[in-house]
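Worksheet: one structure, shown below.
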Amino acid sequence: MTEPLEPGLSTGQPRVRIAPSPTGPLHIGTARTALFNFLFARHVGGTFLLRLEDTDVARSSLAYEKDILDGLHWLGLSWDEGPGVAGEEARGPHAPYRQMERLPLYAEAADRLRAADMAYPCFCTADELDAERKRLEAARLPPRYSGRCARLTEAERAALTAQGRWAALRFRVGEGVVTFDDMVRGRVEIDVANLGGDFVIVRGDGTPLYHFTVVVDDAAMRITHVIRGEDHLSNTPKHILLFRALGKEVPRFAHLPLILNPDRTKMSKRKSQTAIGDYIAEGFIREGLVNYLALLGWSTGTEEEVLGLGELCARFELEAVHKGGAVFDRERLEWLNGQWIRKLAPAELAERVRPFLEAERIAGRIDRMPSDDEILTLIPLVQERLPVLGAIGDLVGFLFVDRLAVGASLLIPKRWDAATTRAGLTAAREVIAAAGSVAFEADELEPPLRALAEARGWKAGDLFMAIRVAVTGRTATPPLFDTLVALGSERTLVRLDAAVAQLPEDRP
RNA sequence: GCCCCCAUCGUCUAGAGGCCUAGGACGCCACCCUUUCAAGGUGGAGAUCAGGGGUUCGAAUCCCCUUGGGGGCACCA
């Protein structure tokens with residue numbers, strides 16, 4: 001018995017990967033797949049690596065690459081091996097981790113398949129293939145490559161090449177049934193006859209195609225578990241055939257249920273918000289997003305559902321992943337996000353909310369950026385009122401506006417008329433001014449204002465509502481007295497005066 | 001068209017033959033708390049477990065069929 005040069009896949013440490021294609025911003029589905037790979041790796045003590053599949057040069061861009069890498073980092077899904085970014089060295093023994101930098105590997109593998117006649121050059125043009133596909137479609141037949149170039153002799157090939165025709169490389173799928181045991185779906189059997197004929201692995205221009213590069217790289221990087229979306233289930237036989245043809249051990253597969261649009265089709269940009277960046281921009285926080293994504297297609301089996309990344313790593317089981325697709329439910333995401341916002345330490349929340357206030361200022365919705373201390377004092381008022389961080393402007397933006405625009409009709413509480421409102425605000429102004437001369441604190445404000453309401457026979461709630469609208473411009477705000485304190489005595493009085501001045505004349 | 005996969009409240013799900021007159025969560029509706037809004041608490045509506053056949057003393061759970069849904073079938077990934 002000779003020692004194998006490398007340990008068998010089955011005996012080594014588990015190795016998984018996320019292999020995004022930089023042809024668009026980080027997609028919710030990619031993030032979820034990355035998360036499940038990450039959770040699996042952390043749970044079993046394996047290695048999680050990132051590989052960029054950028055062979056579609058026309059659609060790939062560095063901007064998308066950055067968006068994807070930044071997004072995964074933001075989510076906290078750090079990889080153990082991955083490409084070099086921003087001048088930094090790649091991490092891991094299988095570099096490079098960017099497919100366009102691994103071209104020689106694919107060329108070598110392609111040559112081997114070609115030499116063994118497991119793949120052959122195909123001279124069909126795009127137009128010819130197109131016409132063929134259309135003909136089959138018209139005849140209500142499944143699309144499939146005819147195999148026209150499969151039996152060309154070397155002499156014929158040479159002649160075609162001499163004509164200047166470029167050849168793509170096609171892999172011979174042969175015959176038989178491919179069987180594999182998917183870790184979430186169980187046994188899957190697919191007849192090779194249904195694969196659509198011999199498929200292209202290298203384009204006419206020499207660049208390799210996805211089905212080929214994944215396999216070459218998964219083998220080279222010694223991936224033990226391929227965890228990916230269900231949309232790849234039907235492609236798996238092609239990959240298995242390729243692993244075998246290259247003489248490589250076939251990894252285990254686990255196909256995750258798809259994330260769905262409300263109409264239960266595969267989640268798409270057209271019907272849903274799919275870019276992680278858009279969720280970040282709205283103020284979803286990583287804890288909420290990660291927690292929500294983990295629960296799309298998996299559960300602990302218990303009734304616990306508010307779980308942090310650490311807990312998720314500890315409890316995740318691939319075997320417990322569902323088979324059916326899951327509709328993306330924004331309401332539930334918001335609820336979970338709110339749960340996590342409430343769990344944040346005040347200083348932490350203050351820090352996370354700051355960029356959103358800056359955005360308000362840049363958008364011109366507020367006139368002044370509050371100091372860090374100011375933000376911190378606001379946290380108790382907003383922490384349990386934020387479904388997303390981006391809601392901060394709506395909640396307390398009025399504090400940082402120079403001139404408040406208040407709708408005149410809003411100024412008068414439901415049970416009050418203009419005269420009562422005028423009387424109420426005028427009286428309240430005096431009480432507040434008096435309190436302000438001592439100490440402008442919530443505890444100093446509330447008792448005298450309640451007393452005022454009682455003395456005049458007003459419902460405290462009506463008086464408070466009149467003040468609230470006069471001073472904030474809205475009917476829904478954080479607790480009134482805290483709000484007045486945050487505003488400060490002087491500005492409170494100015495706003496009360498402005499409101500009284502704006503009140504419509506009393507009807508005779 | 002062909003192949004593959006899937007199927008429990010509107011949504012996310014618990015459920016691995018008797019614990020299920022199907023549990024939890026989101027959302028929804030009440031009520032409580034309350035100066036508004038939230039948060040929190042309590043309660044409620046909401047699923048004949050897609051339908052039909054089996055197997056079994058017993059099925060949401062096992063098998064088959066039907067139906068419905070989804071995915072894949074590119075010189076995209």
Side-chain angles (χ1 to χ4, degrees), chain A residues 19-24 53-56 58-60 122 124-126 129-130 133 136-137 139-145 166-170 182 185 188-191 193-197 199-205 207-211 213-214 229-237 255 257-258 260 262-266 292 295-306 322-336 338 342 381-387 395 413 446 449-450 453 459-465 467-469 472 474-481 483:
Chain A
S21 186
T23 52
E53 310 222 320
D54 53 356
T55 55
D56 185 351
R59 292 197 299 146
S60 294
C122 169
C124 298
T125 65
L129 293 172
D130 230 43
R133 206 179 347 264
L136 289 169
E137 199 176 315
R140 317 203 107 209
L141 258 26
R144 130 182 284 278
Y145 176 62
W166 284 21
L169 194 64
R170 274 187 196 273
D182 190 280
R185 265 139 236 284
V188 178
E189 297 186 4
I190 297 178
D191 193 321
N194 294 313
L195 257 31
F199 58 94
V200 176
I201 55 176
V202 181
R203 294 186 180 89
D205 69 2
T207 55
L209 254 12
Y210 167 76
H211 292 308
T213 58
V214 242
E230 190 195 340
D231 43 355
H232 282 105
L233 190 62
S234 313
N235 292 146
T236 302
H255 287 92
L258 260 21
L260 274 22
D263 66 2
R264 305 202 74 89
T265 55
K266 180 165 78 163
Y292 178 68
L295 262 21
L296 269 188
W298 175 77
S299 77
T300 59
T302 69
E303 285 174 1
E304 299 152 277
E305 45 189 3
V306 182
H322 307 155
K323 301 174 206 267
V327 173
F328 189 87
D329 180 4
R330 192 199 159 90
E331 306 258 29
R332 198 170 146 82
L333 168 61
E334 277 190 18
W335 173 76
L336 261 175
R342 274 165 236 141
L381 306 191
V382 301
Q383 187 149 22
E384 59 188 31
R385 281 169 245 267
L386 289 173
L395 224 45
E446 182 167 356
L449 284 169
R450 279 194 189 281
K459 287 197 70 174
D462 292 334
L463 208 220
F464 295 169
M465 182 54 84
I467 300 171
R468 170 179 294 112
V469 174
T472 69
R474 21 186 89 230
T475 54
T477 70
L480 181 61
F481 307 106
T483 302

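Predicted model, so just to flag it, every value in this text is computed and none were measured. Proteins get letters first, then strands, A, B, ... in listed order; numbering begins at 1 in each.
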Reckon [X] touches a base, only the sugar-phosphate, or nothing at all at heavy-atom distances under 4.0 Å?
X: A:Thr475; answer: base
X: A:Asn235; answer: base
X: A:Leu386; answer: nothing
X: A:Arg474; answer: nothing
X: A:Pro478; answer: base
X: A:Gly338; answer: nothing
X: A:Leu129; answer: base
X: A:Pro479; answer: base
X: A:His255; answer: nothing
X: A:Phe199; answer: nothing
X: A:Glu189; answer: sugar-phosphate
X: A:Thr236; answer: nothing
X: A:Ser299; answer: sugar-phosphate

| said: Tell me the closest heavy-atom pair linking A:Gly324 and A:Pro257, and the distance in Å. | reply: O-CB, 3.0 Å

| field | 5'-most by nearest nucleotide on RNA chain B - A:Val200 or A:Phe464 | value | A:Phe464

| remark: Of A:Pro257 and A:Ala19, the one whose closest nucleotide on RNA chain B sits nearer the 5' end is A:Pro257

| request: Kindly write out the residues that satisfy salt bridge (charged side-chain N to carboxylate O under 4.0 Å, His left out) with A:Asp205, not counting sequence neighbours, or none if the list is empty. | output: none

| task | Check the pair A:Glu137, A:Arg133 against salt bridge (charged side-chain N to carboxylate O under 4.0 Å, His left out), reporting the backbone distance first and the verdict last. | result | CA-CA 6 Å; A:Glu137 199 176 315; A:Arg133 206 179 347 264; over 6 Å; no

Could you tell me how far apart [X] ([atom1]) and [N] ([atom2]) are, to the nearest whole angstrom?
X: A:Arg385; N: B:U35; atom1: CZ; atom2: P; result: 13 Å
X: A:Lys323; N: B:A60; atom1: NZ; atom2: P; result: 20 Å
X: A:Leu195; N: B:A74; atom1: CG; atom2: C1'; result: 14 Å

| field | Salt-bridge criterion met for A:Glu230 and A:Arg185 (N-O under 4.0 Å) | value | yes

